[in-house]
Amino acid sequence: MLKLHIKNETSRLRAVVLGTAESNGPIPKIEDTYDPKSQQHIKAGTYPKESDMIKEMEAVAQVLKKYDVTVYRPDIITDYNQIFSRDIAFVIEDKFVKANILPDRDKEYQAIQHVIKQIPKENVIVLPEDCHIEGGDVMPWNDYIFIGTYSGEDYPDYITARTNTKAVDAIRAIFPNKTVKSFELRKSNTNPKENALHLDCCFQPVGKDKAIIHKNGFLIEEEYQWLVDFFGKDNVFEITKDEMYNMNSNIFSISEDVVISEKNFTRLNTWLREQGITVEEVPYAEIAKQEGLLRCSTLPLIRD
Ligand SMILES: NC(=O)NCCC[C@H](N)C(=O)O
């Protein structure tokens, strides 16, 4: 049986599900896409090739192997996108919560049944269907759970809005000992530079007490400011609109002092090293074209 344990985003990683780019399927039709960045690349003829994305994910697998992390991979569903395993479920403490993901992506959960079977049944939580939530919006941070959401009345119009108020309330009820703090995110179905698809597309804690953040990803300035004050101005690395677009906030922590990051994130990687963090660089610019990066591709099961 798997002894799940996740308290935060950066404690030493021991076991993780890493998505797969195998049998990712043909280039989607514009009407079948569910994020504006993929759309943009389909129109420009620059949508990523499966073989390139497989290489990128293999580089991540190699780093995880180097750090002796146990890596689970999804079963392969023919011609189906299974790169972003982060969103399909999430672990908080010893609970595995099935995410109620966008219907276009709902088969992804079935492909990790071999992992779920190893979790005691009483620790697997299935939320009511009207609680929409994706793991990219959920961040356990010690006594807190940070959740990205969108509560506008036009929620149903946004295919980019993935976590609703009902889900935030449900998480609050399941974890009464945690402070659940939600953040309204900026959404656009058409402009990736104005779209924080998930909380991890505009914010992520790193190290022991630091964070990466993009102000414009937050709809409410006070909520952005709350995070800056929480971590302290000097501990926060502010990223630009283009850096958010390139997914700089979506690196992945193996521990408080080791992260996996994209090799072109020069400014961020320099800052991380200045903080004493070892940066394991991988190529991930092709996968980034689908509006997800390293945090999005990983579902941590056990951290110290
Ligand atoms: N946590 C994340 O931000 N995941 C990225 C998911 C990207 C995928 N194209 C989607 O729209 O669901």
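For ligands, and for the atoms within them, numbers begin at 1 and follow the listed sequence.
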Between F146 and F230, ring centroids under 6.0 Å
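Ring centroids of F146 and F230 are less than 6.0 Å from each other.
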Is the ring centre of H114 less than 6.0 Å from the ring centre of Y72?
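Centroid distance H114-Y72: not below 6.0 Å, so no.
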Report the part of R105 in contact with ligand 1, treating N, CA, C, O as backbone and CB onward as side chain, heavy atoms under 4.0 Å; options are side chain, backbone, both, neither.
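Near ligand 1, R105 shows its side chain, while the N, CA, C and O stay back.
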Applying a 4.0 Å heavy-atom criterion (strictly less than), which segment of F84 is in contact with ligand 1: side chain, backbone, both, or neither?
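Near ligand 1, F84 shows its side chain, while the N, CA, C and O stay back.
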Does NZ or CZ of K95 come closer than 6.0 Å to the centre of the six-membered ring of F175, within 45° of the ring's axis?
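Output no; distance or angle outside limits.
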K289 charged N/C atom sitting above Y47 aromatic ring, 6.0 Å / 45°:
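Pair K289/Y47 does not count as cation-pi.
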Would you say E134 contacts ligand 1, with heavy atoms under 4.0 Å as the rule?
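Judged by the 4.0 Å heavy-atom criterion, E134 does not count as contacting ligand 1.
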Do any heavy atoms of R162 fall under 4.0 Å from ligand 1?
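Contact present.
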Can a salt bridge be assigned to the pair [X] and [Y] using a cut-off of 4.0 Å between side-chain N and carboxylate O?
X    : Y    : answer
E93  : K7   : yes
E243 : R267 : yes
R273 : E281 : yes

Under 4.0 Å from any heavy atom of [X], which atoms of ligand 1 are there?
X    : answer
Y34  : 8 (C), 9 (N), 10 (C), 11 (O), 12 (O)
G292 : 5 (C)
E291 : 5 (C), 7 (C)
C201 : 3 (O)
G136 : 1 (N)

Counting non-hydrogen protein atoms only, what is the nearest one to [atom]? Give residue, atom name and distance.
atom                   : value
atom 7 (C) of ligand 1 : Q290 O, 3.4 Å
atom 3 (O) of ligand 1 : H198 ND1, 2.6 Å
atom 2 (C) of ligand 1 : C296 SG, 2.5 Å
atom 6 (C) of ligand 1 : D87 OD2, 3.4 Å

Aromatic rings F218 and F203: how do their planes relate, parallel, tilted or perpendicular, breaks at 30° and 60°?
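F218 and F203: perpendicular rings.
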Does an N or O from D35, backbone or side chain, lie closer than 3.5 Å to an N or O of ligand 1?
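By distance alone, the answer is yes.
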Would D200 count as a polar contact of ligand 1, with the cut-off being nitrogen or oxygen pairs under 3.5 Å?
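It does: an N or O of D200 is found under 3.5 Å from an N or O of ligand 1.
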Should V236 and I251 be counted in the same cluster of Ile, Leu, Val, Met, Phe, Trp and Tyr side chains packed under 4.5 Å apart?
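No.
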Are any non-hydrogen side-chain atoms of T163 and H132 less than 4.5 angstrom apart?
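No, too far: nothing below the 4.5 Å cut-off.
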